[in-house]
Amino acid sequence: MQLRAATPSGTMDLDLRRGSFTVTLNAICWKCSPLPASGFSSGEPAKPKTGEYWKRVGVWYGAGVSSMDDLERTISGLRKQIRQSVASNDHATLAELRVKLRQAEKQWDEALDELAPAAPATMSLLPLREQVHQALTVLTVAAAPKLIAAVHEAFFAGAMAGGQLTHLRRDEERSFRSAPHARPYYLCSAVTADRLTPVRGLLAVSTWPLERRVIGSLSPRVDFLTAAIRVAEHVLRPGAAGPHALQLLRRFAASIPGAWADADEVSPDMVMRAARAELDVHDHSDRVQRRAAAARASKQLDESQQLFGAAPLGVARQAGERR
Amino acid sequence: MENTEQRLSRLRGGGDPEAHNARTIAAMTRNPGCVRRAIMDAAGVDKPAVAAAVGHPTSIGRLSDFAVSRGISFETRVKSEGCAELLRLLREQLGLPVPQAHYEDLGSTGKGETVSGRYLRSKAMLDTAEQGTGTLFDHPLLRLSISGVWAYLEPDLVAFQLGEKFYVIEIKSFPVIDGVADASKVAASVTQSAVYVLALQSLLSEAGRDPGLVSHEVILVCPKDFSNQATATLVDVRKPLAALRRQLSRMDNIAALLHLLPANVTFDPELPAMELAQALTQASARYSPECLAACEMGSFCRAEAKGSTAILGRTVREDLGGVDAVSTALELATGRLQPTKDLLQAAHVLRLAQRMRTEALAR
Ligand code: SF4
């Protein structure tokens with residue numbers, strides 16, 4: 001397989017079969033390079049030697065190369081328009097363009113962050129699925145990739161890009177179908193209580209009881225409150241109250257009535273108390289709905305559907321046949 | 001004899017009518033006096049294609065990628081974790097009782113689900129939502145009949161039941177700073193929300209329930225003071241709602257307007273440019289500068305209105321009642337033309353303005 005990444009300054013060819021790697025430079029010019037200084041360490045960037053620069057570029061350009069190219073084109077286009085508006089004294093357009101430029105530069109930085117490998121000091125050595133499993137075990141409820149990543153960052157070694165989680169569920173499903181129960185656990189779906197189809201964007205663990213993976217109309221709130229309690233409990237463990245953990249707890253506290261008194265100070269005990277109080281309100285109705293749906297699912301769905309949800313049409317057809 | 005439906009189809013050059021969305025429906029109310037627009041919208045003419053064909057391409061309705069991604073990321077944030085942030089707002093600012101925390105995702109399930117299937121799912125869910133068992137409905141699918149054709153609308157937000165009423169919630173990414181937001185953006189969101197309110201009312205009446213269950217207030221959720229936090233505001237949409245109803249019923253009575261057009265006229269974008277432009281002028285327009293932001297034909301109509309006082313905006317046109325051409329206005333102002341009786345008032349205003357101008361320049 002051959003890959004080519006074109007950059008404004010040259011092209012990079014990768015031949016995976018032969019394992020070769022060729023870089024062709026159009027020009028070597030640091031000043032006119034399309035990468036803004038903010039992409040490097042803070043402060044004035046030291047002018048790197050040509051080889052060093054390309055080593056970095058080699059790391060950066062890859063999956064996100066086309067969108068970064070587009071962003072760079074947008075950025076230089078915007079700079080040009082800004083110069084023109086300055087020249088023509090068009091303040092209204094100027095302000096608007098500046099906002100756009102800032103956004104574009106921010107997106108560029110974000111794209112770069114995604115491409116740049118995380119610093120080794122904070123990288124977890126566990127495979128991604130195990131990191132996700134760790135985080136979900138803390139939460140004990142189905143969660144979205146963003147929350148999973150935040151929990152992992154708060155309590156385990158280092159950052160996890162939420163975006164990496166998108167394909168995980170599909171891979172797990174494939175692996176389960178080809179060799180069921182070959183692994184001690186699978187990362188699976190949460191399923192909707194009404195139609196038993198997979199819930200968009202939530203991950204769960206296969207060893208959990210079905211009832212916990214079924215999502216009824218109150219379940220998102222119940223799970224949110226449960227997660228808040230679990231995070232608060234975790235923060236109370238010795239040495240666990242790091243800045244990321246407290247920030248995560250603060251995020252939960254902000255949306256629970258009575259969970260905080262002071263925006264800067266967050267107390268795990270207070271969060272737990274407030275979350276439990278609200279949980280008491282919803283818990284019963286939620287449990288009834290989940291239990292009924294879980295019973296229905298275990299009757300109607302086969303083993304892998306129970307884990308990964310029924311196909312939307314399949315359920316409709318089955319329902320039609322029963323009628 | 002050709003019926004209205006056939007005539008409308010011929011007007012757009014055959015083919016399917018353009019699908020309307022909340023933005024295009026909201027825009028219909030911006031210039032209700034314009035026959036050209038009413039006919040084109042009713043027939044579902046591809047206005048951007050027509051505008052481009054006559055040499056006035058438009059970019060209305062095309063949001064920049066940045067605006068789109070900013071909007072999506074704000075919406076995702078407000079709705080994440082079972083709409084935790086939204087629940088906080090509704091509880092703190094609108095007194096939503098704590099037990100009401102239900103969330104239903106009515107969004108598309110992807111492959112295999114038809115639009116009408118989705119509509120029926122939304123309808124069933126909203127219909128059975130008794131007080132206490134339904135609170136937030138994410139991405140319900142609604143529909144409105146636009147001159148006999150269903151336009152499906154997906155409020156990128158949520159309709160929910162607070163107490164006895166359904167509310168439409170509109171999540172927008174423009175900031176509210178010290179309680180104040182960009183007036184034009186608020187106005188645009190309010191008219192769009194009115195479209196959703198109308199569609200929700202029509203869903204309820206289709207389900208045999210009282211359309212009065214839909215509140216005439218919508219909840220606008222925006223970022224607060226550049227911060228990461230959101231804020232909610234209640235906005236009354238009765239006025240845009242009335243304008244919308246009026247315009248839609250006007251389009252339902254399109255037959256009356258069609259009689260104003262010669263039978264052979266069509267707005268087929270495939271026609272030669274000259275012929276198409278000629279056809280357009282057969283339907284009378286009512287240009288005002290606001291058109292530029294609201295109607296795909298804006299640039300064409302402005303070019304057509306060149307030299308007329310309409311191009312200077314509604315207030316000027318009203319002040320100069322009866323004086324249609326800019327050249328006439330200039331002649332009246334400089335005294336080269338003696339006003340007839342009905343133009344005395346306008347001529348007086350114009351002379352006054354001319355005198356002030358001369359005085360100002362003389363300094
Ligand atoms: S732009 Fe032209 S067609 Fe559109 S509303 Fe204005 S006058 Fe009517």
Please determine whether side-chain contact (heavy atoms from CB on, under 4.5 Å) holds for the pair Asp194(A) and Met125(B), giving the CA-CA distance in whole Å, both sets of side-chain angles, and the decisive distance to 0.1 Å. CA-CA 11 Å; Asp194(A) 53 347; Met125(B) 199 59 96; 3.6 Å; yes

Could you go through Phe66(B) and Thr74(A), starting from their C-alpha distance and side-chain angles, then the distance that decides it, and tell me whether this counts as side-chain contact (heavy atoms from CB on, under 4.5 Å)? CA-CA 11 Å; Phe66(B) 298 127; Thr74(A) 313; 3.8 Å; yes

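A search for ring-ring contact (aromatic ring centres under 6.0 Å, His included) contacts involving Tyr103(B) returns nothing, not counting sequence neighbours. Scanning for ring-ring contact (aromatic ring centres under 6.0 Å, His included) contacts around Phe155(A) gives His234(A), with sequence neighbours left out. Residues satisfying the ring-ring contact (aromatic ring centres under 6.0 Å, His included) test with Tyr287(B), not counting sequence neighbours, are none.
At a 4.5 Å heavy-atom cutoff, Ser80(B) makes no contact with chain A through either its backbone or its side chain. The contact between Arg121(B) and chain A is made entirely by side chain atoms (from C-beta outward), counting heavy-atom distances below 4.5 Å. Within the 4.5 angstrom heavy-atom criterion, no atom of Ala227(A) approaches chain B. Both the backbone and the side chain of Glu81(B) come within contact range of chain A, judged by heavy atoms closer than 4.5 Å. Neither the backbone nor the side chain of Thr192(A) has a heavy atom closer than 4.5 Å to any heavy atom of chain B.
Per-residue heavy-atom pair counts under 4.5 Å with chain B were compared for Ser255(A), Pro220(A), Ser285(A), and the maximum is reached by Ser255(A). Across Gly82(B), Ala67(B), Ala84(B), the residue that shares the most heavy-atom pairs under 4.5 angstrom with chain A is Ala84(B).
Side-chain contact of Gln103(A) with Ser69(B): a donor-acceptor pair under 3.5 Å is absent, judged by distance alone.
A 6.0 Å sphere centred on CZ of Arg357(B) holds no more than 12 heavy atoms belonging to other residues, nucleotides or ligands. Dense packing is recorded around CZ of Arg212(A), with more than 12 heavy atoms of other residues, nucleotides or ligands lying under 6.0 Å away. Around CG of Asp182(B), the count of heavy atoms belonging to other residues, nucleotides or ligands within 6.0 Å exceeds 12.
Applying a 4.5 Å heavy-atom cutoff, the residues of residues 270-283 of chain A that approach chain B are Glu278(A), Val281(A), His282(A).
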